[in-house]
Amino acid sequence: MEKMIYAIVSVTRDTEKLNAFLSGIKGIAGADLYAVCFNEISAVVSDKERATLIADKSSAIEYAEVIELMAAHFTLLPMRFGSVMESSDLISKMLERNYIEIQNNIQKVENKCEFGLKVFCDAEKLHEELRRKSEETANATPRASLEIRNSVYVDYVNKKLKEHKLEELLLNYVDSVIAGISGYVDRLQAVNKFKKMTTALNIIDAVFLLEKDKKDALIHAVGELQNQHASLSFILTGPWPPYNFVDFIVK
Amino acid sequence: MHDNVIDRSKDITILELLDRVLNKGVILTGDIVISVADIDLIYVGVKLMLSSVETMERLKSGQAIVDMKIR
């Protein structure tokens, strides 16, 4: 029977603990969970009958909940929703084939958890503020003596230059906010990944991997960052299993 | 905490959760994977949800939200 895989767990000394834990929780649609092992690594799976699995939002949430429950007790590598293999035997062979990479990734995330930070801006206000700054800078710069007035071409070039300048100012501003965030999270020895300008409003989308006991320090840091940037909204979520910090593709 | 902050926080948590479980994590590739249908469709739903979160952000800014899941 096909198996839905939820996560890969390292259980050097905790095999009994894992089995006891899995007997106390259920998978998607109430399916029983169990471990398929190779040496000290195990894949947590449930039997999947094609007819019973509907790939909808609630199934994805149930799947994520199983991973979260396990992450509170074990170091694990979360699988992406929809990871299904034909049999326990094939899963065991997959663990064997990818043993070294699995171990390397487990070491990387041991006793750590992930947090997400989204920074939103009021795009109109921010653009207006930057436009004003840009115009102030332009006015302070002496104009070229050979400037040709009333030319369509010059108007077009000036418009493009203004747009370019505005974009540059926006990116510089976002970089300065990222530098501020990095200053705080580096002190917590967190691994971080930043994405800029994912949408016009979401100017920063960051994820951090840090030791579980540094959670309160991170919350405090985000509070301070919010105080420094009153026109932005900082949204911190977590702790999450380390979804964004598993860097390998299972073969 | 104000009601709309709680609602917004709940939406963001679900969005973040779905984004991770559908788009991140260890990936199985090749012949060994049997895919589940309609996952792309769920992801379209997630993108729509992001739009609604952004709309809420447009209405209110300057407030940090720390959304810690209860363990």
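Source: prediction; values computed, not measured. Naming convention: chains lettered A, B, ... in sequence-line order (proteins, then strands); numbering from 1 in each chain.
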Please find the pair of heavy atoms, one from [X] and one from [Y], that lie closest to each other, and give the distance.
| X | Y | answer |
| --- | --- | --- |
| Leu28(B) | Ser83(A) | CD1-CB, 3.7 Å |
| Val26(B) | Val246(A) | N-CG2, 3.7 Å |
| Ala60(A) | Leu22(B) | CB-CD2, 4.3 Å |

- Which region of Glu65(A), side chain (C-beta onward) or backbone (N, CA, C, O), has a non-hydrogen atom less than 4.5 Å from a non-hydrogen atom of chain B, or is it both or neither? neither

- Under 4.5 Å to a heavy atom of chain B? For Val119(A) that would be neither

Nearest-0.5 Å distance, [atom1] of residue [X] to [atom2] of residue [Y]:
| X | Y | atom1 | atom2 | value |
| --- | --- | --- | --- | --- |
| Asp19(B) | Asn244(A) | CG | CG | 7.5 Å |
| Leu236(A) | Glu16(B) | CG | CD | 9.5 Å |
| Tyr243(A) | Lys24(B) | OH | NZ | 11.5 Å |
| Leu18(B) | Lys57(A) | CG | NZ | 6.5 Å |
| Arg20(B) | Thr237(A) | CZ | OG1 | 5.0 Å |

- Does NZ in Lys193(A) sit with more than 12 non-hydrogen atoms of other residues, nucleotides or ligands closer than 6.0 Å?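 Enclosed.
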
Can I get a per-line list of side-chain donor-acceptor pairs under 3.5 Å for residues 3-11 of chain A, giving both atom names and the distance, sequence neighbours left out?
from: Lys3(A); atom 1: NZ; to: Tyr34(A); atom 2: OH; distance (Å): 2.7
from: Lys3(A); atom 1: NZ; to: Asp47(A); atom 2: OD1; distance (Å): 2.7
from: Tyr6(A); atom 1: OH; to: Ile28(A); atom 2: N; distance (Å): 3.0
from: Tyr6(A); atom 1: OH; to: Ser46(A); atom 2: OG; distance (Å): 2.9

- Message: Checking Gln103(A) now: which residues fulfil side chain to side chain donor-acceptor pair (under 3.5 Å) with it, not counting sequence neighbours?
- Response: Glu40(A), Tyr99(A)

